[in-house]
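In what follows, a single structure is set out as structure tokens and then discussed.
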Amino acid sequence: GGGSACRQISTFATNTVLIADYWPFTQSVGHYNVVRFVQPGIANPDGLGIEVVYPNDVGPTAPFTQNITSAGYRACSVCAVFYEDCSAPDSCARSYLARSGSVTISRADRAEAGRIIGSASGLHFEEWNIMADTAIPNGRCLDVSMVQPFNAGWNQDGGAPPP
């Protein structure tokens, strides 16, 4: 999907953080930063997630700008995922994977307490089955012209973010 038939969002606000964390994964002894924002005060809001992945503890070093490629979810080192019509943090009607655009990360701490700071622009999303890592046949699409600059932190205990 693409072009004028896609849902258009000029600016996605990042003033409401739903999740900001640094998670280990065991498949290849790696880690990733994840931050997810939601629209405040809306029943069944949309969400936007930015992830920086460090497989085998190797990955991009901030600051950097990553041009999103058409690789699948499991192949991306910097991922942007859009969640639509969410009734709970992990229960959304649809998920979309960014297939083009750019994400700029000025800070992405690799620690159990830290921060992720950045922005994104020109993101084109296609409806995606994240678990199967495949596009939804004849799926929807959306374009986000700009993601407001974000600055989100996390603590090891899940409490208030560090300074």
Side-chain angles (χ1 to χ4, degrees), residues 2 6-40 45-84 86 89-90 92 95-128 130 133 135 141-163:
C6 296
R7 176 181 168 195
Q8 301 293 310
I9 298 173
S10 61
T11 302
F12 192 92
T14 59
N15 55 347
T16 304
V17 176
L18 176 64
I19 299 169
D21 212 346
Y22 176 76
W23 295 339
F25 57 88
T26 58
Q27 295 91 334
S28 60
V29 190
H31 295 85
Y32 67 96
N33 297 95
V34 59
V35 64
R36 187 162 157 195
F37 308 97
V38 294
Q39 298 165 312
D46 293 338
L48 176 69
I50 303 290
E51 301 177 17
V52 181
V53 184
Y54 307 99
N56 299 310
D57 278 339
V58 176
T61 301
F64 65 87
T65 296
Q66 177 74 46
N67 290 321
I68 303 293
T69 65
S70 62
Y73 179 71
R74 291 185 191 119
C76 63
S77 60
V78 177
C79 305
V81 181
F82 194 91
Y83 304 92
E84 196 170 56
C86 301
D90 291 323
C92 301
S95 297
Y96 299 79
L97 181 67
R99 306 287 279 156
S100 61
S102 66
V103 175
T104 297
I105 301 294
S106 56
R107 179 176 171 184
D109 295 338
R110 295 190 211 188
E112 292 184 17
R115 299 197 80 66
I116 184 168
I117 301 170
S119 62
S121 63
L123 297 176
H124 172 71
F125 292 88
E126 294 178 12
E127 193 172 1
W128 204 260
I130 298 294
D133 199 15
C141 60
L142 65 99
D143 295 311
V144 177
S145 297
M146 184 184 95
V147 174
Q148 284 183 335
F150 53 87
N151 183 342
W154 60 92
N155 274 339
Q156 184 175 3
D157 65 1

Side chains of Arg7 and Phe82: closer than 4.5 Å at any heavy-atom pair?
yes
Thr65: what forms a side chain to side chain contact (heavy atoms under 4.5 Å, CB included) with it, not counting sequence neighbours?
Ser102, Thr104
Checking Ser145 now: which residues fulfil side chain to side chain contact (heavy atoms under 4.5 Å, CB included) with it, not counting sequence neighbours?
none
Where [X] and [Y] come nearest, the two heavy atoms and their spacing:
| X | Y | answer |
| --- | --- | --- |
| Asp46 | Glu84 | OD1-CA, 3.3 Å |
| Ala98 | Phe125 | N-CD2, 3.3 Å |
| Cys92 | Arg36 | SG-NH2, 3.4 Å |
| Arg115 | Gly153 | NH1-CA, 3.4 Å |
| Asp109 | Gly114 | OD2-CA, 3.2 Å |
| Arg74 | Asp133 | N-OD2, 3.1 Å |

Interatomic spacing from [atom1] in [X] to [atom2] in [Y] - rounded to 0.5 Å:
| X | Y | atom1 | atom2 | value |
| --- | --- | --- | --- | --- |
| Ile116 | Ile105 | CD1 | CD1 | 4.5 Å |
| Tyr73 | Ile130 | OH | CD1 | 6.0 Å |
| Gln66 | Cys76 | CD | SG | 9.0 Å |

Per the side-chain contact (heavy atoms from CB on, under 4.5 Å) rule, which among Leu48, Val144, Asp143 passes with Ile9?
Val144
Between Trp128 and Arg99, does the side chain to side chain contact (heavy atoms under 4.5 Å, CB included) criterion hold? Intermediate values first, please.
CA-CA 10 Å; Trp128 204 260; Arg99 306 287 279 156; 3.4 Å; yes
Candidate pair Phe12 and Leu123, rule side chain to side chain contact (heavy atoms under 4.5 Å, CB included), full reasoning
CA-CA 11 Å; Phe12 192 92; Leu123 297 176; over 6 Å; no
Residue set satisfying side-chain hydrogen bond (donor to acceptor under 3.5 Å, both in side chains) with Glu127, at least two apart, ordered chain then number -> none
For the side chain of Glu126 and the backbone of His124, is there at least one donor-acceptor N/O pair under 3.5 Å apart?
no
Give a yes or no answer on whether the side chain of Gln148 reaches the backbone of Thr14 with a donor-acceptor pair at less than 3.5 Å.
yes
Please find out if less than 6.0 Å separates the ring center of Phe150 from that of Phe37.
yes
With side chain to side chain contact (heavy atoms under 4.5 Å, CB included) as the criterion, how do Phe64 and Val52 come out once you've worked through the C-alpha distance, each side chain's angles and the decisive distance to 0.1 Å?
CA-CA 11 Å; Phe64 65 87; Val52 181; 4.3 Å; yes
